[in-house]
Amino acid sequence: MRLPQHGVPRDELFATIRERKSADADWEHKRTFSLIYPATAEVDEVLHEANNLYLYENALNPIRFPSLASMETEVVSMTAGMLNGPEGSGGTMTSGGTESIIMATKVARERAAEERGVTGGHVLVPRSAHPAFAKAAHYLGLGIRYIPLGDDFRADAAAAAGLVADDTVMMVGSAPGYPHGVIDPIADLAEIAAARGIAFHTDSCVGGFLLPFLEHRGVEVAPFDFRVPGVTSMSADVHKYGYCTKGASVVLHRDREMLRHQVFLYSDWPGGLYGSPAIAGARPAAPICAAWTVMNFLGEDGYVELAGRAYDTARAIIDHVEAHPDLHVWGEPAATVFAFGSESVDVMAVNDVLDDRGWNFDRQLDPAALHAMISPGHSEILDDLLADLDWAVANHGESRGVEARYS
Ligand SMILES: Cc1ncc(COP(=O)(O)O)c(C=O)c1O
């Protein structure tokens with residue numbers, strides 16, 4: 001396509017956009033189970049207003065835009081409070097879970113070099129860890145080694161103890177992991193890391209804005225945050241269960257002094273000192289304002305209520321699946337993320353039928369499964385979903401061979 005010679009009238013443009021958008025996954029009717037985290041109509045309105053206020057500002061320069069600096073500081077501090085960050089902890093916002101993970105890995109790499117003389121080295125992550133760790137290792141010139149999973153789909157801590165080495169730069173556990181929604185044995189893994197002076201990252205990109213509020217509701221949650229002594233860094237995504245629009249995550253360090261390994265400072269050019277906390281240079285301002293706004297708008301009560309609604313909906317689906325003679329859930333999901341499979345029917349063929357009925361479940365391999373991340377908004381479609389799921393199991397044909405893909 002070439003740039004049009006003459007500008008296109010805006011009505012025509014927006015008609016084209018709407019037409020193209022009609023082919024996208026139908027998340028607005030709550031028929032999509034990953035990528036989007038529908039909360040409430042009120043949250044939606046608040047987010048529109050917050051985003052609109054900061055479409056043009058640039059968070060690269062906190063001195064020019066002190067409002068952004070203060071909002072970012074407060075988002076980081078509220079998140080650290082939720083995750084029991086001790087006195088002296090600190091962090092920054094980033095564009096998302098992946099960027100938070102890359103920055104935590106970078107800090108671990110510089111620490112390993114400074115404190116233990118490690119050059120090169122590798123990260124040691126559960127088999128179920130998000131691909132962001134492989135990406136981080138790739139970008140940062142590190143290797144990656146995998147901790148096998150136990151039968152419960154959690155990282156096998158005994159195996160990790162045998163795999164950790166002098167050039168392990170960082171160990172990782174997920175709370176919960178994306179594929180099966182289970183929480184790795186963070187306390188055991190972090191203890192192994194701490195005994196050798198190795199950084200340990202809890203990936204709570206999914207759980208950071210969910211698990212603290214489920215705990216408030218009395219749900220039993222395995223230790224995962226800074227209350228575990230060996231945890232040195234964490235990631236928590238406001239744009240997941242914080243219900244913010246995309247582009248908002250928080251990376252936290254137990255010791256805020258570690259930020260010196262994260263921030264890039266440079267002055268060897270005519271423009272003077274350039275300082276940047278993460279990968280992006282120019283940083284969108286809208287996600288910072290949106291994160292600050294939604295966190296203050298909901299407050300602890302609002303998050304507890306929404307986490308409860310998502311959890312109850314997820315439990316209703318999990319219980320239905322477990323009671324179904326042909327289906328079962330893999331492992332014991334800790335919160336609202338789970339994968340379900342079957343020994344008697346081909347779940348890929350079942351999903352073909354669900355696809356045709358307008359649902360959007362992701363497909364997974366080893367073991368074959370359909371994957372769901374449940375949000376508060378999914379409470380609205382619970383009955384329709386369960387009815388269609390039962391129908392699909394009873395009426396599916398041969399699998400069309402649709403590939404499992406996450407993105
Ligand atoms: C457990 C976990 N960690 C990290 C990420 C990466 O987050 P993002 O897609 O925001 O980069 C995800 C994304 O779903 C995730 O589920």
Side-chain angles (χ1 to χ4, degrees), residues 25 27 32-38 75 79 83 91-106 123 125-139 144 146-147 149 153-155 170-184 186 189 200-211 221-222 224-225 231 233-252 278-280 283-284 287-288 290-291 294 310 314 331 333-339 360-364 369 371-375 404-407:
W27 63 270
T32 299
F33 297 96
S34 67
L35 305 170
I36 311 252
Y37 300 77
V75 166
T79 310
L83 298 171
T92 70
M93 287 187 69
T94 70
S95 64
T98 300
E99 197 178 15
S100 288
I101 285 167
I102 293 172
M103 298 330 293
T105 310
K106 178 179 182 306
V123 292
V125 310
R127 249 286 158 224
S128 52
H130 190 273
F133 290 98
K135 193 177 188 179
H138 178 69
Y139 281 8
I144 185 161
Y146 295 101
I147 307 167
L149 305 183
F153 298 98
R154 299 159 78 230
M170 179 174 87
M171 281 178 66
V172 171
S174 310
Y178 178 88
H180 313 104
V182 299
I183 299 180
D184 287 317
I186 303 290
L189 295 171
F200 184 90
H201 184 82
T202 298
D203 175 8
S204 56
C205 284
V206 167
F209 278 77
L210 190 58
L211 300 177
V221 174
F224 73 101
D225 63 14
V231 171
S233 62
M234 296 188 70
S235 44
D237 293 355
V238 204
H239 71 195
K240 291 191 170 67
Y241 285 99
Y243 310 114
C244 187
T245 34
K246 293 291 177 282
S249 170
V250 176
V251 58
L252 293 170
I279 293 174
R283 299 169 74 208
I288 296 176
V294 73
T336 56
V337 181
F338 57 92
N360 296 281
F361 284 100
D362 288 331
R363 296 158 193 255
Q364 280 188 178
H371 181 266
M373 291 178 111
I374 302 302
S375 292
R405 54 186 343 188
Y406 174 76
S407 65

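Basis for what follows: all heavy atoms, side chains included, without hydrogens, waters or symmetry-related copies. Counting convention: from 1, in listed order, for ligands and their atoms alike.
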Atom NZ of K135 with >12 non-hydrogen neighbours under 6.0 angstrom |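 Atom NZ in K135 is not packed in, count stays at 12 or less.
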
Please test S235 against S100 for side chain to side chain donor-acceptor pair (under 3.5 Å), starting from the C-alpha separation and ending with a verdict.
-> CA-CA 6 Å; S235 44; S100 288; 5.8 Å; no

So H130 and Y178, would you call those rings parallel, tilted or perpendicular, with 30° and 60° as cut-offs?
->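 Rings of H130 and Y178: perpendicular, as their planes differ by over 60°.
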
Write down, by chain and number, every protein residue that brings a non-hydrogen atom to less than 4.0 Å from an atom of ligand 1.
-> G96, G97, T98, I101, H130, P176, Y178, D203, C205, V206, D237, H239, K240, Y406

Do V172 and F200 touch side chain to side chain, with heavy atoms closer than 4.5 Å?
-> no

Side chains of Y139 and T105, donor plus acceptor under 3.5 Å = no

Pair Y243 and Y37, ring centroids less than 6.0 Å apart |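 No, the ring centres sit 6.0 Å or more apart.
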
